[in-house]
Structure formats: C-alpha cells, structure tokens
Student: 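The following block contains the structure, expressed as structure tokens.
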Amino acid sequence: MVGQAPFAKALLDPGEPTPDRLSLGGGSADQRFSIYRNNGIAGLSDILMAHFPVLTELLGEEYCRSLVVCYIRQYPPHSPILTQYGRDMPAFLAAFPPVSRYPYLPDIAAMELALLASYHAKDSRPVEAEILSSIPDNAVSDARLVIAPSVQTINSLWPIHQIWMSHRRNHPMPTSLKDNGENILIVRREFDPEPLKLVEGGFEFVTALQKRQTISEAYEQARAIHQGFDLTEMLRQLLAYNAIIDVQHLDLKKTR
Amino acid sequence: MSNPRTFRVPLPKAPGVGFKSQHFQDIIDQPGDVKWLEIHAENYMSDGGRPLAQLRYLQEIFPISCHGLGLSIGGEEKLDSDHLARLKSLHAWLKPASFSEHLAWSSHEGQYLADLLPLPYTNSTLKRVSRHIDQVQETLNTIMLLENPSTYLDFDETTMSEIEFLTELARRTGCGLLLDINNVYVSCVNRGGNAEDYICQFPHHLIGEIHLGGHEVDGGHADVTLIDNHASEVSETVWQLFQRVIEMAGPLPTLIEWDNDIPNWSVLSEEARRAGTILGRLEEVTV
C-alpha cells in the first residue's frame, strides 16, 4: 500500500525515490510521478510571482522562478487559502545568500506583502472630514483615531517607494540607494491600495495611532523623530485617503 | 440515500463559466449564453476587498456554484475543521446554488500540497471518503457534488473502477457527481482507458454538473501524457465526448473552466456559446 505520508514526502523532496506499487498505463513511474512533483510547485510559483510583481521584475522572471521554488520548499503553505501566501518572503530573502548584494529586496517584498494585505483587508467606512473640527479644542489631544484595517506602514533604510514607483508607475529609478531610506503609508480609498511616501515622523505617528494611542501621544512620537512634524498636514492626508474610520473621545458620543 | 428519480440538479441546465476578476464588467455587460458562475471557494475567504465586493454583486445576478479545491476530502487525516468552518461561513452569506469538491487529497500533516492527488479505489478509501462527504454535507446542510479527478497513475492496490467507486460513494452518502469530461479524457489517455466507454458507463442520473476545460499534450516522452492545466480551449475530442454525454443524459449545467493564461471575455464566452449550442440543440429535440 502507498500511504499518503510517503507519497507526500516523495512529492516534496526531489531526492526521494518515486513511491513503489504505482501502476501506469504504459508510462514510466518516474515520469508520471514527476507530473505530481511539478504541478503543486508550478501552481504555487505562479501565485508567488503574482504576489511579488516588482520583486519578479527586479530579479528577472527566470531567476525569480527558481528562487520561489527554494522558498516553497522552505516555507510550504499550511492552509489551502493562498490569497496571501508568501508572508515569509522578506525573511527568506534576507537569509538567501545569492541575493545578499541587493539588501533592499526584503523591504520590497515587505511592501508588496503590505499591498496584498491591504487589498484583502476588511472594508470600512471613513469618517467625515469635518469630524475632527467637531471635537472641542481642549479635547483633541486626548482623542484616539481608529485607522482603517486596509492601512499599512513600512519603514525602510532603502528608497523602496521610488523603486516600486519606477516599476509600477514608470517613475525614474532612484539615483542613489544609500542614505535614502523611505517610509511608506499604504492606503486604500476603495479597492486599490496605493503606496504613499511618508513625511519624516509620519511612520511613528501612524503606527502609534494603530496601537490606539491618543493624538497627542502619537504627535510626541513623531516630534521625537522630526521637530517640525506637521500634524495638520498629516491628518489632512489621512482623511483625504479614507484612512480614519472612527474618532473616539470622552466628550464625543461614539460615532458608530 | 440517493434516489435517481429525485436527485435535483442544482444549477441551470445551461452554460456557466469559472469567474475571473478581470471579466467582472464584461460578464455584467455582455453575458451572452452564460447563465451561472462558478467560483473557487478558497479565493473568497478574505476579510474584504474587491474579490468579495465583486462576488456580492454577481450573486444578485447569477446563480453561483461554489467549488472547493482545498478540503482534501480523500485525505487519510481528519478533515480540517478550520477550513470546514470557513466554508460554512462562506455558504452562510453566499447561499450558493451548489457546492462541489474533488475525489482527491491535497493536504498532509498540516501542509497544503496545492494539487489534487490520486487515491487508490479500495474499500477502506471508500469508507473514509464517505465519512468525509457525510461530514461536509452535515456541516453545509446541503447535498454536494463530487468530481472525478484527472490522474496520471494508478495504485496496485486498487480493487474497483473509478465509476464503481463514485457510484458507491453516491449511494452511501446521497451526494451527486460532477462529471469533468476533460478529466475523463486526460485520465483515460494517461492510464490506457477508453473515454467513450467511461462516459457511457458513468451513472448519468447522478450528474449534477459537467466541467469542460483544456489540457496540454506532453509528447516529449516514450508515451504521450496529457496534462490537465485549464489553460486553453476545450479540445475537439472533449467536445465530441460532451455531445455524447448530453445525448445520453439530457441537458446539464455545463461549466467552461479556464484558470491559467486566462483569455479575453470574447474567447471564453464563445466557448460557453458552443456549449450552449450543444445543450440547446438537444433541448429542441427532446421538447
């Protein structure tokens, strides 16, 4: 009897021989079994390359196809839901010696994962832009802003926004990789996530809000990074991109 | 228990297509002969976003067939209770006209193998798969359809034919069958069977849905192998087999499956039109 355990083991490990006691309509067992060996890997490879289009372009399609096979063997899926398969790609790339000359690749992968997470995130309804002005001045700093589930942030030592834009929006490539780190805010107005470059302190501000800190606490964290952090402009941007879905404050009846 | 006279075909006896996001607007604007849509359940288990919004919109217009890929109904292990629960919540809001899965296994020890893997047709497999089908039907509170697989090899331990196996499963569980004619042809070529005999012997009264898809011919070996890849038009041989099935079984819900190298809507809807012509021609004769 060929149990599923040896069958699965032979599928995943190219060094394992073809299981015994398979019969064929004239074909060779090795050739026929190799179809099963290829099918799963090929399907998962297509999915990964679709999830990481910029990474694929940066590596070249042919090279990327062999790289993702290494990924699949190291990080096989543990669920039949593959809509966000590839979550370990940044860690995989950071530890994969052949691409160590390109240290920005893990952050590009993280950015593409964040775009994917945003794409599939829960839908939400943004607050009206006027809601902030309805809070009494003395209460604004204690208010907490609830950030949409589709909002993502990434901080990077590399100009990943420029790299991404050059591949997806035909912008010019960055002229220098060094000392050119960029932080990114991913917003989703309706269904299409869009990455925006964050101003200095913006990453700290938004992640503090995501942790349910008050506006003043978040502002302090942003100012610790950048004294001139422009709170009004940051809030305007978040509202414009439907990123705020609720405002909670003691003086304000819960809005929903 | 199944009763041939009361088995209810769940979908319109007309052409349907596998829904792909890029065809969303075309399907609404120019459905042509397409009367229902099939979705892969696992693609609609996220929290939100465009895929779910599109499906919510389409469910108002078309009957939806929910087709699972990841339940591993033939698996030696217990069914994944998390995945069953996800299917149940998808069913709760989608209220699909039909649920179908494959006679295959796809997971082992918590790892998803991303393929529909073959089973030996034995009494012990029969017991296990019956139990799993019972569990799915109880959880979803529906009669499901089970699809014949495309296979590339057999097991020495097999003691019954695929048709005997499927018929007995349907008898034990009351489930219906999804006849994938491309899978029949692919498996018969690969394993030395006769596709014409297979479709003649298949229990026509249990068919709740038909699948038609494309395959690839891999001739680079001593023997020709057909690969079921859903990346092209339905082959002429499969169209002829389909016509034979419809002549024998009467019109049935018929899906065009095209999952890779997805074409423009015009190409896909033309395939649906061709299926509709075969279904409709017979309808005129039998009315």
Side-chain angles (χ1 to χ4, degrees), chain A residues 1-9 11-12 18-47 72 75-85 116-124 148-150 188 190-193, chain B residues 41-54 68-72 74-77 80 82-83 86 105-120 122 124 151-158 187-193 218 221-225 227-229 260:
Chain A
M1 190 184 122
V2 188
Q4 289 178 356
F7 197 103
K9 191 165 190 285
L11 271 185
L12 299 164
T18 301
D20 292 335
R21 309 207 51 193
L22 300 172
S23 53
L24 310 146
S28 102
D30 289 341
Q31 182 249 325
R32 289 299 174 74
F33 193 74
S34 73
I35 296 171
Y36 289 108
R37 278 190 164 139
N38 292 338
N39 271 354
I41 295 277
L44 292 173
S45 300
D46 288 346
I47 288 171
I72 294 162
Y75 297 99
H78 290 281
S79 154
I81 299 160
L82 301 173
T83 36
Q84 294 186 53
Y85 177 52
L116 198 60
S118 176
Y119 182 75
H120 290 291
K122 198 168 189 259
D123 304 330
S124 52
S150 57
R188 193 184 97 191
E190 193 183 13
F191 295 128
D192 294 306
Chain B
E42 286 74 14
N43 291 342
Y44 298 89
M45 291 177 168
S46 301
D47 296 328
R50 177 176 284 121
L52 289 180
Q54 288 185 335
L69 290 169
L71 202 47
S72 199
E76 283 171 4
E77 299 167 328
D80 176 351
D82 291 343
H83 197 54
R86 287 189 288 258
W105 59 289
S106 53
S107 295
H108 189 74
E109 289 185 342
Q111 194 165 321
Y112 178 57
L113 302 165
D115 196 8
L116 296 163
L117 300 163
L119 291 164
T122 64
S124 74
T151 50
Y152 305 99
L153 43 79
D154 281 315
F155 295 84
D156 286 350
E157 68 207 89
T158 280
S187 300
C188 284
V189 169
N190 291 342
R191 288 157 46 199
D218 178 5
H221 305 278
D223 62 327
V224 172
T225 307
I227 313 281
D228 175 33
N229 64 350
N260 298 299

Student: With a 4.5 angstrom heavy-atom cut-off, which part of Ala5(A) approaches chain B: side chain, backbone, both or neither?
Tutor: both
Student: What is the minimum heavy-atom distance between Pro76(A) and Gln111(B), and which atoms define it?
Tutor: CB-NE2, 3.2 Å
Student: Is the closest side-chain heavy-atom distance between Arg86(B) and Ser79(A) below 4.5 Å?
Tutor: yes
Student: What part of Ala8(A) is in contact with chain B, defined as an atom under 4.5 angstrom from a non-hydrogen atom: side chain, backbone, both or neither?
Tutor: both
Student: Quick check: closest heavy atoms across Tyr112(B) and Leu82(A), and the distance to 0.1 Å?
Tutor: CE2-CD1, 3.8 Å
Student: Identify the heavy atoms of Asn190(B) and Arg32(A) that sit nearest to each other, and give their distance.
Tutor: O-NH1, 2.6 Å
Student: Between Gly193(B), Ala41(B), Gly70(B), Cys188(B), which has the largest tally of heavy atom pairs under 4.5 Å with chain A?
Tutor: Gly70(B)
Student: What residue in Leu117(B), Leu69(B), Ile227(B) has the most heavy-atom pairs under 4.5 Å with chain A?
Tutor: Leu117(B)
Student: Can you name the nearest heavy-atom pair linking His120(A) to Pro51(B), along with the distance?
Tutor: CE1-CG, 4.1 Å
Student: So which part of Leu22(A) gets closer than 4.5 Å to some heavy atom of chain B, the side chain, the backbone, both or neither?
Tutor: both
Student: First locate atom CG of Leu153(B), then atom CD of Gln31(A), and finally report the distance between them rounded to the nearest 0.5 Å.
Tutor: 10.0 Å
Student: Do you know which of Gly75(B), Ser72(B), Gly68(B), Ser107(B) has the most heavy-atom pairs with chain A at a distance under 4.5 angstrom?
Tutor: Gly75(B)
Student: Mind listing the closest non-hydrogen atom pair of Phe191(A) and Arg50(B) along with its distance?
Tutor: CD2-N, 3.5 Å
Student: Where does Thr122(B) contact chain A at under 4.5 Å (heavy atoms): side chain, backbone, both or neither?
Tutor: neither
Student: Which value, rounded to the nearest 0.5 Å, describes the distance between Tyr36(A) atom OH and Leu116(B) atom CG?
Tutor: 9.5 Å
Student: If every non-hydrogen atom of Asn39(A) is compared with every non-hydrogen atom of Tyr152(B), which pair is closest and at what distance?
Tutor: ND2-CE1, 4.0 Å
Student: Relative to chain B, which segment of Thr83(A) carries a heavy atom at a distance below 4.5 Å: side chain, backbone, both, or neither?
Tutor: side chain
Student: side-chain contact (heavy atoms from CB on, under 4.5 Å), that's the test. Do Asp20(A) and Asp156(B) meet it? Break it down for me.
Tutor: CA-CA 9 Å; Asp20(A) 292 335; Asp156(B) 286 350; over 6 Å; no
Student: Measuring only between side-chain heavy atoms, which start at C-beta, is Asp218(B) closer than 4.5 Å to Ile35(A)?
Tutor: no
Student: Check whether Ile41(A) gets within reach of chain B through its side chain, its backbone, both or neither, counting any heavy atom under 4.5 Å.
Tutor: neither
Student: Is the ring pair Phe7(A)/Trp105(B) parallel, tilted or perpendicular, if the boundaries are 30 and 60 degrees?
Tutor: perpendicular
Student: Gln4(A) and side-chain contact (heavy atoms from CB on, under 4.5 Å): which partner among Glu109(B), Glu77(B), His108(B)?
Tutor: His108(B)
Student: Just verifying a value: how many Å separate Asp47(B) CG and Ser124(A) OG, rounded to the nearest 0.5 Å?
Tutor: 11.5 Å
